[in-house]
There are 2 protein chains.
Amino acid sequence: MKTCSHQHTHKRQELPALTDRLRRHARKITGPRAAILEILRQHPHPLTTKEIFSEMPRGECDLATVYRSMHLLEKAGMVKRFHFYDGAARFELVEEGSDGHYHHLVCIRCSGVVKVEECFSAEIEKKIAAKNGFKAVTHKLEFFGVCPNCQG
Amino acid sequence: MKTCSHQHTHKRQELPALTDRLRRHARKITGPRAAILEILRQHPHPLTTKEIFSEMPRGECDLATVYRSMHLLEKAGMVKRFHFYDGAARFELVEEGSDGHYHHLVCIRCSGVVKVEECFSAEIEKKIAAKNGFKAVTHKLEFFGVCPNCQG
DNA sequence: TTTTCAATTGCAAATCATTTGCAACAAAAG
DNA sequence: CTTTTGTTGCAAATGATTTGCAATTGAAAA
């Protein structure tokens, strides 16, 4: 019983490599989109749409555009969407070739996030799928706790 | 390495037992609260606030009251909150004595939900907590896939 | 490079889920 | 039965996200 073999290597791609990836999905490379990719590139953390928006050089684009772009990037498999404690979606770049499968450990006090390499055995998922007759089963797993700084 | 020992036995409690549980948390048993508990009792599925509201006998109470009640029941440990594919929170009754720790397998097509007994080794969680210096670590885990009816 | 056209954006208004202030009300305690 | 304090209804406020539409702009074609 071995743990699942998701990739966790993170060689951060350059912006051109990212725009190429997007272009491959038959999409235009626009100012806002390049800016968003660059921001995600520089923040290896899950960011909310608002955070991405406020990182934009001088209000470069509309909030709605960020929302639209995030959907686009998500469908292109270039970002992964997360939901933690609050109602806001958070996004993180998925490295090329990675299936984007990894998890987080979130501090319930300060909201700090740590990427988690560990994952449980893929056997469990297969067993669950088989037992219930489901196909294409995936999972979402997030850990929550109190980080060292917020203890005491 | 054994799987975690969460309880999964579900002997559905009667309404009086439920109201007693709530009373123990020093809270008044009101019409809306009893109605909500009864609805949750009769639907061993995660329900959205809206669904609970529309199950109420003739609009018995305000939507805001349902929201307030769900927070109350959550703090009392009587219901568990879930977030699946969409933005709406879903609630399910937690059996007395259960730690409310179990998971779901959700169909991404029809939204059907199956309760999942399986869980991964508790060792993994301990290891993650120790490695990062976090305390009181818990996790949220949900499975997604295509159910038998929605395949093909 | 310039033309052309569909994809994309900005803006404002619309939705959706959820929360909150406040006065009227109703359980539970005495 | 009265008091006390938690609860509710209602309406308005939030916060996140979506959408219609006209104006704009990448990128393919000429």
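Just so we're on the same page: letters track the sequence lines, and every chain starts at 1. Here the structure is a predicted model, which is why all the values come from computation and not from measurement.
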How many whole angstroms separate atom CD of A/Glu60 from atom P of D/dT25? 12 Å

So do A/Val113 and A/Pro46 actually touch side chain to side chain, heavy atoms under 4.5 Å? yes

So which of B/Val66, B/Thr49, B/Leu73 actually passes side-chain contact (heavy atoms from CB on, under 4.5 Å) with B/Phe91? B/Thr49

May I ask you to list the residues of residues 65-83 of chain B, by number, that have any heavy atom positioned under 4.0 Å from an atom of DNA chain D? B/Thr65, B/Arg68

Could you check B/Glu117, B/Lys80, B/Glu92 and say which one makes a side-chain hydrogen bond (donor to acceptor under 3.5 Å, both in side chains) with B/Tyr102? B/Glu92

Below 4.0 angstrom from OP1 or OP2 of D/dA16, is there any side-chain N or O of A/Thr49? no

Measure CZ/B/Phe53 against P/D/dG9 and give the value in whole Å, please. 9 Å

Residue list, ring pair (Phe, Tyr, Trp, His ring centres under 6.0 Å) with A/Phe144, at least two apart or on another chain: none

OP1, OP2 of C/dA27 versus side-chain N and O of B/Arg33: anything below 4.0 Å? no

Quick check on contacts: within residues 35-46 of chain A, what sits under 4.0 Å from DNA chain D by heavy-atom distance? none

Among C/dA27, D/dG9, D/dT17, the nucleotide that comes nearest once only the side chain of B/Lys28 is considered: C/dA27

Could you tell me whether B/Ala64 contacts a base, only the sugar-phosphate backbone, or nothing, with contacts defined as non-hydrogen atoms closer than 4.0 Å? base

Respond yes when some side-chain nitrogen or oxygen of B/Arg27 is under 4.0 Å from OP1 or OP2 of D/dG6, and no when none is. no

